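Single-structure report; data block below.
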There are 2 protein chains.
Amino acid sequence: MTFVSDLESVNFRTEFLYLHMRNMFWRDLILLRSPLDVSQAATPKMSGSILRPEELPEIRHLHLFRDMTQASFETLMASSYAQNFPQGLEIIRQGDPADFLHIVLEGSVELFAQGAGRECTMAVVRPVSTFILAASIRDAPYLMSARTLERTRIILVPAPDLRAMFRRDTEFAVSVINELAACYRSVVRSAKTLKLRNSRERVASYLLRQSLLSGGATSYTLPVEKRLLASYLGMTSENLSRTLRTLEADGIKMDGARVIITDREKLTALAQLDRLIDGPDAFSGQSGSGLPAAEQ
Amino acid sequence: MTFVSDLESVNFRTEFLYLHMRNMFWRDLILLRSPLDVSQAATPKMSGSILRPEELPEIRHLHLFRDMTQASFETLMASSYAQNFPQGLEIIRQGDPADFLHIVLEGSVELFAQGAGRECTMAVVRPVSTFILAASIRDAPYLMSARTLERTRIILVPAPDLRAMFRRDTEFAVSVINELAACYRSVVRSAKTLKLRNSRERVASYLLRQSLLSGGATSYTLPVEKRLLASYLGMTSENLSRTLRTLEADGIKMDGARVIITDREKLTALAQLDRLIDGPDAFSGQSGSGLPAAEQ
DNA sequence: AAGAAAACTTGATCGAGATCAAAGTGCCGG
DNA sequence: CCGGCACTTTGATCTCGATCAAGTTTTCTT
């Protein structure tokens, strides 16, 4: 039963180990589900599995949890667990039953999909936000897999508690409705981008949108590796690399992961940003289907 | 003020007329919003704008409305309108404010998206189901446009009434949550198909999935025109036509809009259906993002 | 039933983007 | 500080799917 703390130091490599470890992990969490058990489990070895008091306000601040009663919030948190994961760990495999709503507190998580022998990035989730709300509500299998991109701390809210809660707390139900509607719209936007824009347009609009997200910065750092960005935008990294190069004729200059907008007017003309695809309420989506905002 | 009944006989052609008519239409509906006004407006000329009593059970039967109290249901319906539209009319333009939840009672509606000078089909909605739930809940602009594919009867439920209702009726709130979560998952599936499968795989899996939807029929009729199917699958109609032709080597035979599965085993091997993309709960989605089931 | 307008098919060609291959670059651990 | 590994870039080539251009069939209109 030392695997939980081991997680933080060991770099699991083989597929077999991943699966084995994950099975143990879920089973143990489930065995410990009641609040009482959690506190009993609060030995040094299980230190990863209790919420720290200072984390609660950050969670409470999320749209999803902002409007519920304090009592409801505390009940939900009392049945939740925190867990730290090392970098590069697949914490969710698509197809598995969705037992928990996940909240990223530190680190970052890539949501990706597999199929037809391929794999693609669907979103990257940064603190503080939730993911796979829909699956946990429908009590259905995950449609996406998730892996940590760095050392990551996650809160796990049991799906049954979640479902019980929005029946008891109307304000929470309304929050869930709003969150789901926002997520839905976010994926629709992303489907529209895939169907309506070619790869050059997707890159250009992404770059300009990121600049606007950083308050119109002329220069910013890409929030994710180019490899991930390419996959998210539905292209190969070779193609992204070449596209970025050719965009130097249209107002963009790259310097490593740094984007410098040299001619905003030209870029704006090219990107053809669309209010319905690129904002403004696309920005609010926490976990719908997007990449995090860029750092300045 | 005779335009409402005119709608059914006149075939509007020009973009200008479309817009003009639509603007009048919305404005008038809004002016007539309270139930009292509706009944006053129930002159022969406005006959399209009241619900027929026999339609209520059909609506009530939808997942979305099934679990709410009878009183809530009646209240919601009392503030709703029915409207008949002729074929080929754009009833929603993307970007407009979402004032109503739409319920298709007869006919069919294409949801499509425009941008970057292109256009693509996102879904086709058949009776009895709802569409644009998310936009009306968020009080946000529509992300998709909608046009009738034939003469279509639609119920319009005012968005503010909808939002008021799920605050008052918890069971309804839960239904909305479930519906939105299902819609979300449906779009994610469709995004996965776009990103992970090439066009041949999309066609093959679509054809096999339709067969399974019709209870494993060896022969069925495509539920929509090939033109629309192509756009929905993210390809040109020329390419769809050619792909269908080449699939004759893999267990499919086309005869007009009729699909005949000649070698199910071969097709199954090719289509590589994925539980997470192609079912089973993909079937339940009423209005998420898909095409209707095929007729046998 | 005739004519017109869509929808669909087929062929020829083109090009965006994928794939394959090989450097080049940066980052992390020892 | 060095070595290794993953990320990135660049080049060459290929392929899938778009585009353009006729035809053919079906459907709608008159």
Side-chain angles (χ1 to χ4, degrees), chain A residues 9-11 13 86-88 110 116-121 124 147-151 193-204 221-248 252-259 270, chain B residues 9-14 86-88 110 116-121 124 147-151 193-204 221-248 252-259 270:
Chain A
S9 51
V10 179
N11 224 343
R13 286 286 166 209
Q87 186 197 63
E110 176 194 3
R118 271 149 276 188
E119 173 178 316
C120 70
T121 303
V124 171
R147 70 166 74 92
T148 54
L149 292 174
E150 55 195 306
R151 194 178 165 290
T193 296
L194 283 173
K195 277 190 157 183
L196 294 171
R197 302 209 253 231
N198 61 30
S199 65
R200 193 154 198 271
E201 293 165 334
R202 291 201 294 276
V203 174
T221 305
L222 289 177
V224 295
E225 287 173 351
K226 287 184 186 165
R227 186 178 58 88
L228 287 180
L229 177 57
S231 177
Y232 173 71
L233 293 175
M235 58 203 291
T236 59
S237 33
E238 292 97 324
N239 195 25
L240 172 62
S241 185
R242 266 186 275 270
T243 303
L244 287 173
R245 174 54 46 102
T246 70
L247 281 175
E248 295 194 351
I252 283 291
K253 180 79 179 53
M254 294 299 299
D255 175 24
R258 188 144 202 89
V259 182
L270 179 74
Chain B
S9 52
V10 179
N11 223 343
F12 292 90
R13 287 286 166 209
T14 71
Q87 186 195 66
E110 176 194 2
R118 272 150 277 188
E119 173 178 315
C120 70
T121 302
V124 170
R147 69 165 76 91
T148 54
L149 292 174
E150 55 196 304
R151 195 178 165 290
T193 297
L194 283 173
K195 276 190 157 182
L196 294 172
R197 303 210 253 230
N198 62 28
S199 65
R200 191 153 200 271
E201 294 164 332
R202 291 200 294 275
V203 174
T221 305
L222 290 177
V224 296
E225 286 174 351
K226 288 184 186 163
R227 186 179 57 90
L228 287 181
L229 177 58
S231 178
Y232 173 71
L233 293 174
M235 57 202 292
T236 59
S237 32
E238 293 96 323
N239 195 24
L240 172 61
S241 187
R242 265 185 276 269
T243 303
L244 287 174
R245 174 55 45 101
T246 69
L247 281 175
E248 295 194 351
I252 282 291
K253 181 78 177 55
M254 295 299 299
D255 175 24
R258 188 143 202 91
V259 182
L270 178 74

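Predicted model only: the values in this text are computed from it and were never measured. Here is the naming used below: chain letters follow the sequence lines, and residue numbers restart at 1 for every chain.
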Using only atom types and a distance under 3.5 Å, with no angle test, would you say the side chain of [X] pairs donor to acceptor with the backbone of [Y]?
X: B:K195; Y: A:S231; answer: yes
X: B:R202; Y: B:G234; answer: yes
X: A:T243; Y: A:R200; answer: no

Side chain of B:K226 only, heavy atoms from C-beta on: which candidate in D:dT9, C:dA7, C:dT9 is closest?
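When the side chain of B:K226 is considered, C:dT9 is the closest of D:dT9, C:dA7, C:dT9.
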
Check every atom of D:dC7, C:dA18, C:dT10 against the side chain of B:S241 and return the nucleotide holding the closest atom.
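Of D:dC7, C:dA18, C:dT10, C:dT10 is nearest to the side chain of B:S241.
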
Rounded to the nearest angstrom, tell me the gap between atom [atom1] in [X] and atom [atom2] in [N].
X: B:L149; N: C:dA6; atom1: CG; atom2: C1'; answer: 14 Å
X: A:L244; N: D:dT8; atom1: CG; atom2: P; answer: 11 Å
X: B:L240; N: D:dC16; atom1: CG; atom2: P; answer: 17 Å
X: B:N198; N: D:dC14; atom1: CG; atom2: C1'; answer: 15 Å
X: B:K195; N: C:dA18; atom1: NZ; atom2: P; answer: 12 Å
X: A:L222; N: D:dT8; atom1: CG; atom2: C1'; answer: 13 Å
X: A:L247; N: C:dG17; atom1: CG; atom2: C1'; answer: 15 Å
X: B:L233; N: D:dC16; atom1: CG; atom2: P; answer: 18 Å

Any side-chain N or O of B:S199 less than 4.0 Å from the OP1 or OP2 oxygen of D:dG17?
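Answer yes for this pair, as a side-chain N or O of B:S199 is under 4.0 Å from OP1 or OP2.
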
Counting only side-chain nitrogens and oxygens, does B:R200 get under 4.0 Å of the OP1 or OP2 atom of D:dC16?
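Answer no for this pair, as no side-chain N or O of B:R200 is under 4.0 Å from OP1 or OP2.
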
Does the pair A:E119/A:R147 count as a salt bridge with the N-to-O cut at 4.0 Å?
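Salt bridge present between A:E119 and A:R147.
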
So, A:R227 and A:E110, do they make that salt bridge, N to O below 4.0 Å?
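A:E110 and A:R227: not salt-bridged.
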
From CA spacing to verdict: side-chain contact (heavy atoms from CB on, under 4.5 Å), B:L229, B:E225:
CA-CA 6 Å; B:L229 177 58; B:E225 286 174 351; over 6 Å; no

Distance alone, cut at 3.5 Å: any donor-acceptor contact between the side chains of A:T148 and A:Q87?
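Side-chain D/A pair, A:T148 to A:Q87: absent.
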
Does the side chain of A:R258 pick up a donor-acceptor pair with the side chain of A:T221 at under 3.5 Å?
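Side-chain D/A pair, A:R258 to A:T221: present.
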
Write down the protein N/O and nucleotide N/O pairs, taken from nucleotides 26-30 of chain C, whose separation is under 3.5 Å; answer none if there are no such pairs.
none

Between protein and nucleic acid, restricted to nucleotides 19-21 of chain D and to nitrogen or oxygen atoms under 3.5 Å apart, what atom pairs and distances do you find?
unit_1: D:dT19; atom_1: O4; unit_2: B:R242; atom_2: NH2; d: 3.0
unit_1: D:dC20; atom_1: N4; unit_2: B:E238; atom_2: OE2; d: 3.3

Where each residue is assigned the nucleotide of DNA chain C containing its nearest heavy atom, which of B:M254 and A:R202 is assigned the position nearer the 5′ end?
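Per heavy-atom nearest nucleotide, the more 5' residue is B:M254.
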
Specify the closest pair of heavy atoms between A:K226 and A:G256, including all atoms of both residues, with the distance to one decimal.
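Shortest heavy-atom contact: NZ-O, 3.0 Å.
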
